[in-house]
Amino acid sequence: MNDDDPRQILELLKTEHRLLDAEIEALLASGSVDQLEIARLKKRKLMLKDEIAQLNDKLVPDILA
């Protein structure tokens, strides 16, 4: 596995994003809601979403027709 391959990095980021989503849902469903922890996880999830979008933009050329 090459750590410099953007496609592999993109897949790792997507996986982490899905795991954070599941973790947030589990915390909300458990009833013991720690708002600070949920806010921290949501912030990390948004940062990952931005990273995914930036990396995806680099991989997929923007072709104007």
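Basis for what follows: all heavy atoms, side chains included, without hydrogens, waters or symmetry-related copies.
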Straight-line distance of [X] [atom1] to [Y] [atom2], nearest 0.5 Å:
X	Y	atom1	atom2	answer
D34	R40	CG	CZ	9.5 Å
K43	L20	NZ	CG	14.0 Å
K42	K49	NZ	NZ	12.5 Å
K45	L41	NZ	CG	10.0 Å
N56	K58	CG	NZ	11.5 Å

Residue pair L28 / I38, side-chain heavy-atom distance below 4.5 Å: yes
Using the rule side chain to side chain contact (heavy atoms under 4.5 Å, CB included), only one of D50, V60, I9 pairs with L55; which is it?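 Only one option passes, and that is I9.
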Tell me, with the steps shown, if T15 and R18 meet side chain to side chain contact (heavy atoms under 4.5 Å, CB included). CA-CA 5 Å; T15 300; R18 284 190 298 271; 3.3 Å; yes
Please step through side chain to side chain contact (heavy atoms under 4.5 Å, CB included) for the pair E51 and H17, ending with a clear verdict. CA-CA 10 Å; E51 286 182 56; H17 187 268; over 6 Å; no
Can you name the nearest heavy-atom pair linking P6 to L59, along with the distance?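 For P6 and L59, the tightest heavy-atom pair comes out as CB-CD2, 3.6 Å.
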Atom of L48, atom of E16 and distance for their closest heavy-atom approach: CD1-CG, 3.6 Å
Mind checking whether L19 and M47 sit in one hydrophobic cluster, side chains of I, L, V, M, F, W, Y counted as touching below 4.5 Å? no
